[in-house]
Amino acid sequence: MEPGNDTHMSEFLLLGFSEDPEMQPLIFALFLSMYLITVLGNLLIILAIASDSHLHTPMYFFIGNLSFVDICVTSTTVPKMLLNIQMQSKVISYEGCITQMYFYLLFAGLQDYLLTVMAYDRFVAICHPLHYTVIMNSQFCGLLVLLCWIISVLHSLLESVLVLRLSFCTDVEIPQFFCELNQVVQRACSDTFINDVIIICSVVLLAGGPVTGIICSYSKIISSICVISSTQGKYKAFSTCVSHLLVVCLFYFTGIGVYISSSVLHNAHSGTVASAVYTVVTPMLNPFIYSLRNKDIKETLRRLFKKESIKGHLS
């Protein structure tokens with residue numbers, strides 16, 4: 001890479017997973033399958049919640065929003081990668097890279113904040129059951145989701161604008177399958193001190209804050225469950241939190257893996273794999289976690305499929 005700046009630099013190169021031509025069809029088929037499963041699975045969750053009035057509760061309202069965001073975060077990265085493989089190209093334009101980075105930060109942040117809101121919902125449901133419907137009314141739930149959107153939009157806008165002020169060298173290669181913020185900033189030729197400070201502050205405040213909120217919520221939930229005398233009561237209370245806990249662990253452990261591999265270890269291959277799990281595998285698994293462990297959603301989906309099956313036979 002040349003040391004000089006290129007003020008007219010118009011594109012980046014996304015190196016992806018492998019440069020071996022024989023691996024490209026396998027990678028294409030794998031990610032296309034995961035993408036289709038992600039979109040279909042999350043759309044089914046949204047359809048089930050929208051079609052059954054019994055699921056019009058705060059918990060399912062947040063699950064529906066999370067499913068929508070899961071579709072968006074995957075759609076931000078995977079289609080471009082599939083297109084590049086199909087076109088046998090690694091190029092993404094400068095404008096396309098900034099746009100992709102903006103929307104990825106937006107939807108990844110929304111995932112983070114929605115999981116925190118969902119933890120608060122479970123806290124109110126278990127620790128204050130008599131006041132649950134009063135506290136978690138539809139207006140308050142809508143305001144919580146709106147607040148998540150506002151914070152995420154402002155954060156992603158700030159990060160993107162700060163990247164716009166950077167200048168890059170020629171032939172900028174990004175060892176990822178999408179424009180990931182840390183990787184883009186690390187490849188700038190100009191001073192990135194402000195960017196680095198903002199990234200660290202964002203991790204501490206916008207990631208550390210939600211994690212703290214989730215830990216506090218579940219510490220109080222566990223304390224409340226321990227007070228319940230009957231084993232059946234304890235099981236029933238905890239079972240409403242298991243799906244959310246599984247999604248939280250999957251989300252944060254893979255997120256930590258991405259941050260460590262890209263910012264600390266600077267290991268390109270492990271960073272790409274961790275990013276794939278974080279951006280593709282986690283959204284794909286969420287519908288299975290919520291549907292397989294949730295009797296209400298399973299029953300609604302069963303009725304929907306049965307209804308469509310009857311319509312098909314009649315027609």
Side-chain angles (χ1 to χ4, degrees), residues 16-17 24-57 59-87 100 103-104 106-112 114-115 118 145 148-149 152 177-178 242-251 254-255 272-315:
F17 292 91
Q24 301 309 307
L26 177 61
I27 295 172
F28 181 87
L30 177 63
F31 275 84
L32 177 61
S33 302
M34 288 193 294
Y35 178 64
L36 293 176
I37 292 170
T38 300
V39 173
L40 179 60
N42 283 290
L43 280 177
L44 284 174
I45 295 292
I46 295 171
L47 178 63
I49 293 170
S51 62
D52 191 342
S53 60
H54 294 98
L55 300 182
H56 294 176
T57 63
M59 182 177 76
Y60 293 111
F61 172 69
F62 295 132
I63 290 175
N65 275 274
L66 183 64
S67 292
F68 171 73
V69 172
D70 283 342
I71 293 173
C72 292
V73 75
T74 310
S75 298
T76 302
T77 57
V78 176
K80 176 58 180 175
M81 184 192 71
L82 296 177
L83 179 64
N84 278 4
I85 294 175
Q86 192 68 21
M87 300 294 292
Q100 185 184 64
F103 282 107
Y104 174 75
L106 170 63
F107 294 120
L110 273 171
Q111 285 179 315
D112 190 13
L114 282 173
L115 288 173
M118 292 167 74
V145 172
C148 292
W149 274 93
S152 193
F177 64 95
F178 69 101
V242 172
S243 297
H244 179 255
L245 270 175
L246 288 173
V247 172
V248 166
C249 292
L250 195 61
F251 179 82
T254 53
T272 306
V273 173
S275 294
V277 175
Y278 183 71
T279 60
V280 184
V281 177
T282 300
M284 182 185 71
L285 292 179
N286 285 354
F288 293 100
I289 293 173
Y290 280 114
S291 60
L292 292 177
R293 292 201 54 86
N294 192 298
K295 293 180 181 178
D296 295 330
I297 290 182
K298 281 194 292 186
E299 185 60 34
T300 301
L301 290 173
R302 193 178 295 114
R303 285 200 302 269
L304 283 173
F305 286 128
K306 187 176 180 181
K307 186 177 179 181
E308 291 300 318
S309 177
I310 293 172
K311 283 184 179 179
H313 288 304
L314 290 176
S315 60

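Quick caveat: nothing in here was measured; it's all calculated off a predicted structure.
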Quick check for you: to the nearest 0.5 Å, what is the distance between [X] atom [atom1] and [Y] atom [atom2]?
X: Thr77; Y: Phe103; atom1: OG1; atom2: CZ; result: 13.5 Å
X: Leu40; Y: Leu36; atom1: CG; atom2: CG; result: 8.0 Å
X: Lys306; Y: Leu301; atom1: NZ; atom2: CG; result: 14.5 Å
X: Ile63; Y: Ser243; atom1: CD1; atom2: OG; result: 7.0 Å
X: Cys148; Y: Leu114; atom1: SG; atom2: CG; result: 5.0 Å
X: Asn286; Y: Ile71; atom1: CG; atom2: CD1; result: 11.0 Å

Legend entry - Pair Val281-Thr38, side chain to side chain contact (heavy atoms under 4.5 Å, CB included): steps then yes or no: CA-CA 8 Å; Val281 177; Thr38 300; over 6 Å; no
Looking at [X] and [Y], would you say the former's side chain and the latter's main chain have a donor-acceptor pair under 3.5 Å?
X: Asn42; Y: Pro283; result: yes
X: Thr282; Y: Thr279; result: no
X: Gln111; Y: Val69; result: no
X: Asp112; Y: Ala108; result: no

Inset, instruction - Would you kindly say whether Tyr35 and Ser75 are connected by a side-chain donor-acceptor distance under 3.5 Å? - result: yes
Inset, instruction - Go through the side-chain N and O atoms of Asp296 and Tyr60 and say whether any donor and acceptor fall under 3.5 Å apart. - result: yes
Looking at every heavy atom in both [X] and [Y], which two are closest together, and how far apart are they?
X: Ser51; Y: Thr300; value: OG-CG2, 4.1 Å
X: Gln100; Y: Thr76; value: NE2-O, 3.1 Å
X: Gly16; Y: Thr272; value: O-CG2, 3.9 Å

Legend entry - With Ile27 via side-chain contact (heavy atoms from CB on, under 4.5 Å) - residues at least two apart: Phe17, Ser18, Met23, Gln24, Phe31, Ile85
Flag the pair [X] / [Y] as yes when at least one side-chain heavy-atom distance between them is below 4.5 Å, and no otherwise.
X: Met81; Y: Phe178; value: no
X: Leu115; Y: Phe62; value: no
X: Leu44; Y: Phe305; value: yes

Legend entry - side chain to side chain contact (heavy atoms under 4.5 Å, CB included) evaluation trace for Val39 with Thr74: CA-CA 8 Å; Val39 173; Thr74 310; over 6 Å; no
Inset, instruction - Specify whether Phe251 and Tyr278 have parallel, tilted or perpendicular ring planes, treating 30° as the upper limit for parallel and 60° as the lower limit for perpendicular. - result: tilted
Inset, instruction - Show your reasoning for whether side chain to side chain contact (heavy atoms under 4.5 Å, CB included) applies to Leu66 and Asp70. - result: CA-CA 6 Å; Leu66 183 64; Asp70 283 342; 4.0 Å; yes
Inset, instruction - Taking atom CZ of Phe68 as the centre, report whether more than 12 heavy atoms of other residues, nucleotides or ligands fall under 6.0 Å from it. - result: no
Inset, instruction - Take Phe61 and Val145 through the side chain to side chain contact (heavy atoms under 4.5 Å, CB included) test and state the conclusion after the steps. - result: CA-CA 10 Å; Phe61 172 69; Val145 172; 3.5 Å; yes
